[in-house]
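Accompanying notes for the structure given below.
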Amino acid sequence: MIKEYKTIREIASPLMLVNQVEGVTYDELAEIELPNGEVRRCKVLEVEGDTAVVQLFESAQGINLAQSKIRFLGHPLELGVSEDMLGRVFNGMGEPIDGGPAVLAEAHRDINGLPMNPAARAYPAEFIQTGVSTIDGLNTLVRGQKLPIFSASGLPHAALAAQIARQARVLGDGENFAVVFAAIGITFEESEYFIQEFRRTGAIDRTVVFSNLANDPAVERLSTPRMALTAAEYLAFEKDMQVLVILTDITNYAEALREVSAAKKEVPGRRGYPGYLYTDLATLYERAGRRIGKRGSITMIPILTMPEDDKTHPIPDLTGYITEGQIILSRDLHRKGLVPPVDVLPSLSRLKDKGIGVGKTREDHAGTMNQLFAAYARGKDAKELMTILGEAALSDDDKQFAKFADEFEKVYVSQGNETNRSIEETLDLGWQLLRILPRTELKRIKPEFIEKYMPEEA
């Protein structure tokens, strides 16, 4: 039986103290009923004796301590899940905001989920095609992987996120593919951009969108990615779908965590973030993966803006420890007009070798990938040398590599936000660029592949 209390003692938004409670548990959902009949939701943060500390999901404005009632619902925050979620837009609390009816739920799931047993994990090994050459060709995304995008304020990570969400697919017959897109603490304009992009291209039909706006309560930001991952787990492990989860922007999530931690008067850690930031981020990231015995998978692309472009800031730093690589966007490439401005040299996908090769992409993928990396790195060095000493100081080979670096950026990296390249197109483009270099310099590719894919011109 649900008990009601009129013993709210104190409010310090977003926290509230309730006295004389019985049988209340940590993380339990509660509802506050105002004298005018309005209902607001909250959850239990702490219980000590007969006193509960409750965290409000909405504003504390208008709550009258003497006349408002609070009732504890006996379960944590849950999301009603079903396949009807596909094609729908929800807010950060899992309520539809697209004007459509409520989703007819097949089940209700605790949004905190359960950590995946490491012994039940299957190793990520299948290729996911994003249609973006710098990712597919050089920093390959593998099914079940966590591959973050490190951006900075003012860089077009939103356009790249929308492009990946539109274009991503798994190769092979009969594979159900879905995207769960969670926008955390973004502006109304950004939210509209994503939703309109998905509708314009028809991608909305296979997408579940959770949108938390910047003017929504900070506490709601903490539930948004968990709502998205709960939906993803249902689609992946109950409905055998291959699910790509895109979370943008994790920095807004961490800022909300810091805000709530400060309200709870917790001892701050590095840069004012709570000491459990690493653990908290891990509870999100580690919900991605593949399970032994299940066809479905969850692949995750968290996007975060690095404060002050600093890779050592706690948010990107801790994210790098938990995830398997990073895609880095460059301000210099953005100034040059490259779209998307992916800086391939510091970017890394630690699982790329597991998702490429015969039967996955193509036999020549590993060799061309290594050769393109090496040639671009040498070309960049040659260009720096040219800037300091002038072109006359370069050898003929160095000039070729400098030319290669320019063409690589112009043709391979800068493909625009509307171009969707298949992995074959990406690999063929790599071979075209390698024609700029002398054959004697192609030391990282097997000779038989050079003969097959780059035959001597008659």
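We number each residue from 1, following the sequence as shown.
Taking 4.0 Å as the cut-off between side-chain N and carboxylate O, Lys294 and Glu233 do not count as a salt-bridged pair. A salt bridge links Arg331 with Asp309: at least one charged nitrogen is closer than 4.0 Å to a carboxylate oxygen.
The salt bridge (charged side-chain N to carboxylate O under 4.0 Å, His left out) pairs that include a residue from residues 186-199 are Arg166-Glu197, Glu197-Arg200, where partners are two or more places apart or lie in different chains. A salt bridge (charged side-chain N to carboxylate O under 4.0 Å, His left out) check over residues 354-378, counting only residues at least two apart or in different chains, returns the pairs Arg362-Asp364, Arg362-Asp428, Glu363-Lys452, Arg378-Asp398, Arg378-Glu441. Within the structure, no pair that satisfies the ring-ring contact (aromatic ring centres under 6.0 Å, His included) test touches residues 94-139, not counting sequence neighbours. Among residues at least two apart or in separate chains, there is no salt bridge (charged side-chain N to carboxylate O under 4.0 Å, His left out) pair with a member in residues 296-306.
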Which is it for Lys399 and Glu391 under the side-chain contact (heavy atoms from CB on, under 4.5 Å) test, yes or no, and what are the steps along the way? CA-CA 8 Å; Lys399 286 175 188 171; Glu391 194 174 338; 4.0 Å; yes
Could you walk me through whether Asp216 and Asn91 pass side-chain hydrogen bond (donor to acceptor under 3.5 Å, both in side chains), step by step? CA-CA 9 Å; Asp216 289 332; Asn91 65 12; over 6 Å; no
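Qualifying salt bridge (charged side-chain N to carboxylate O under 4.0 Å, His left out) partners for Arg88, counting only residues two or more places apart in sequence or in other chains: Asp98. Scored by the side-chain contact (heavy atoms from CB on, under 4.5 Å) test, Asp317 finds Arg270, Tyr321 as partners (sequence neighbours excluded).
For Phe150 and His313, the gap between ring centers reaches or exceeds 6.0 Å.
Each of Leu433, Ile450, Ile445 was scored for a side-chain contact (heavy atoms from CB on, under 4.5 Å) with Gln371, with one residue passing: Ile445.
Across all their heavy atoms, Phe198 and Ala162 have their closest contact at CE2-O, 4.1 Å.
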